[in-house]
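Everything on this sheet refers to the single structure shown next.
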Protein chains: 2
Amino acid sequence: MTTKNRILDAAEKLFADKGFNGTSLREITSLAEVNLAAVNYHFGSKKELIKAVMSRYMNELSPNLELALTNVCDSSDKPSLVAVFSAFVEPLLALNHFKENGTSNFLQLLGRGYTDSQGFLRWFLTTRYPTLINGFVAAVHKAYPELSAEDMFWRLHFTMGTIVFTMSSSDALMDIAKNDFDRNVDISGVIKQVIPYVAAGVGAPI
Amino acid sequence: MTTKNRILDAAEKLFADKGFNGTSLREITSLAEVNLAAVNYHFGSKKELIKAVMSRYMNELSPNLELALTNVCDSSDKPSLVAVFSAFVEPLLALNHFKENGTSNFLQLLGRGYTDSQGFLRWFLTTRYPTLINGFVAAVHKAYPELSAEDMFWRLHFTMGTIVFTMSSSDALMDIAKNDFDRNVDISGVIKQVIPYVAAGVGAPI
DNA sequence: GTCTATAACTAGATAGAC
DNA sequence: GTCTATCTAGTTATAGAC
């Protein structure tokens with residue numbers, strides 16, 4: 001376990017939990033049990049550390065997800081929207097093998113990235129992983145060709161919002177589900193709940 | 001224009017823009033052109049200032065929205081989900097008469113409140129305005145009685161997510177819509193785009 | 001590569017003069 | 001009620017010894 005990786009792991013956990021702005025380098029280095037100065041030695045700045053934490057996941061997820069979306073497009077002339085969104089499930093859950101709580105952590109980080117830090121992370125992700133977005137748009141277009149580019153734009157952003165918001169407050173939601181309905185839901189349970197919702201939303205009549 | 005109101009107005013604008021954590025009291029008092037110490041004199045703490053900013057809107061919105069939801073329930077034995085969500089439009093847009101950019105500011109603040117500050121604002125709002133949530137749940141239940149309490153819970157939170165996320169990044173989204181589609185969309189345009197989406201999502205087959 | 005020490009700055013909050 | 005001045009505690013970042 002190198003110092004660099006100890007920092008990445010600690011940062012990931014704290015960022016997911018309390019946001020990027022809400023987490024100090026002192027908390028990170030303290031949890032990682034490394035010296036405060038190590039962050040700046042290994043990463044240069046807090047901003048670069050944030051990028052590094054996100055990149056570790058994106059580099060793992062991105063090829064799997066692109067492949068899954070291509071498969072959906074190839075498997076049928078007109079796939080259902082549920083099929084398109086279901087393509088996300090396996091690549092996302094695979095992050096749990098990559099790292100403990102990987103799926104949940106990654107989705108929470110994604111949520112943070114869209115609301116903390118005035119969108120610098122959004123810019124970083126969309127410019128760094130454009131083929132992923134294009135693959136997704138292509139799959140949705142094949143499933144619902146009548147949807148105009150403009151309506152597609154809005155609905156994909158609504159979907160993004162549903163997902164990242166749900167995930168950034170998923171701990172609270174799972175707690176409520178347990179208290180109010182005596183139901184133990186994990187992150188894959190939440191994903192399965194959300195798919196019919198977003199599929200119906202994207203597929204709403206124009 | 002009292003000092004207290006100058007602070008509230010400045011805080012509202014900055015909070016909506018950069019989040020609660022991302023805004024310092026110095027920025028607020030500087031924009032309001034009042035002394036730094038005035039915040040603690042009038043509100044006691046930053047946390048209380050946040051509550052005061054939100055309460056000003058909630059006290060304006062809450063009775064109108066409750067009435068609109070009651071009207072939907074009374075108007076039909078089985079209202080459509082689009083009708084239920086459309087009940088939000090007028091009370092929300094009325095905030096623009098209450099204050100310049102009121103609708104947009106309020107919705108962005110709501111979005112911030114769910115992601116910044118580890119949910120203390122969520123707690124404040126749900127315990128302070130429970131009848132609002134009950135009225136909404138009752139309306140959705142009348143529109144879609146087959147939906148179980150548990151599915152209802154999830155879908156309402158997904159909807160909350162769609163709305164607050166969209167609104168907390170609505171400035172960016174409206175910019176993109178203008179650049180990519182040469183379309184000027186204002187906040188009421190965004191609301192009209194999102195209603196079919198959330199109505200279809202909540203109404204998705206079980 | 002890792003440490004201590006500290007620089008340089010910002011935060012929220014407050015005491016006390018007016 | 002409003003001001004200045006300041007306190008305490010936090011932040012990121014870095015210089016320099018080892």
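The figures that follow rest on heavy atoms only: side chains count, while hydrogens, waters and symmetry mates do not. All chains are named by letter (A, B, ...) in the order of the sequence lines, taking the proteins before the strands, and each is independently numbered beginning at 1. From a predicted model like this one, the values you see are computed outputs, not experimental measurements.
- The outermost nucleotides of DNA chain C lying under 4.0 Å from heavy atoms of chain A, listed 5' to 3', are dG1(C) to dT4(C).
- The backbone N or O of Val164(A) sits nowhere less than 3.5 Å from a side-chain atom of Arg112(A) that would complete a donor-acceptor pair.
- Between Phe181(A) and Phe153(B), the two ring planes are tilted [angle within 30° to 60°].
- Note on ring orientation: taking the six-membered ring where Trp is involved, the planes of Phe98(A) and Tyr57(A) are perpendicular (angle over 60°, cut-offs 30° and 60°).
- For Phe136(B) and Phe85(B), the distance between ring centers is under 6.0 angstrom.
- The backbone N or O of Ala52(B) sits nowhere less than 3.5 Å from a side-chain atom of Ser55(B) that would complete a donor-acceptor pair.
- Figure legend: Lys4(B) and Tyr41(B) shown without cation-pi pairing, the cationic atom not lying both under 6.0 angstrom from the six-membered ring centre and within 45 degrees of its axis.
- If you measure from atom CZ of Arg26(B) to atom C1' of dT11(D), you get 13 Å, rounded to the nearest angstrom.
- Taking atom CG on Asn21(B) and atom C1' on dG10(D), their separation rounds to 14 Å, with Å as the unit.
- In this structure, Lys46(A) is not positioned above the aromatic face of Phe20(A) in the sense of NZ or CZ being under 6.0 Å from the six-membered ring centre and within 45° of the axis.
- Using a 4.0 Å heavy-atom cutoff across all strands shown, Ala37(B) reaches at least one base atom of the nucleic acid.
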Worked verdict on Asn59(B) versus Tyr129(B) for side chain to side chain donor-acceptor pair (under 3.5 Å)
CA-CA 9 Å; Asn59(B) 293 337; Tyr129(B) 303 92; 2.9 Å; yes

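- At least one donor-acceptor pair closer than 3.5 Å links the side chain of Asn96(A) to the backbone N or O of Gly102(A).
- At distances below 3.5 Å, at least one donor-acceptor pair connects side-chain atoms of Arg155(A) with backbone N or O atoms of Ala204(A).
- Between Lys18(B) and Glu27(B) there is a salt bridge, since a side-chain N of the basic residue sits under 4.0 Å from a carboxylate O of the acidic one.
- Nearer the 5' end of DNA chain D, as judged by each residue's closest nucleotide, is the contact made by Ser24(A), out of Asn35(A) and Ser24(A).
- Residue contacts for Thr23(B): at a heavy-atom cut-off of 4.0 Å it reaches the sugar-phosphate backbone alone, with no base atom in range.
- Within residues 41-49 of chain B, the residues that have a heavy atom under 4.0 Å from DNA chain D are, in order of number, Tyr41(B), His42(B).
- Both key distances under 3.5 Å define a Watson-Crick or G-U pair, and stretches of 3 or more such consecutive pairs in DNA chain D run C:1-10 with D:9-18, C:12-18 with D:1-7.
- Computed from coordinates, the Leu36(A) CG to dA13(D) C1' distance equals 8 Å when rounded to whole Å.
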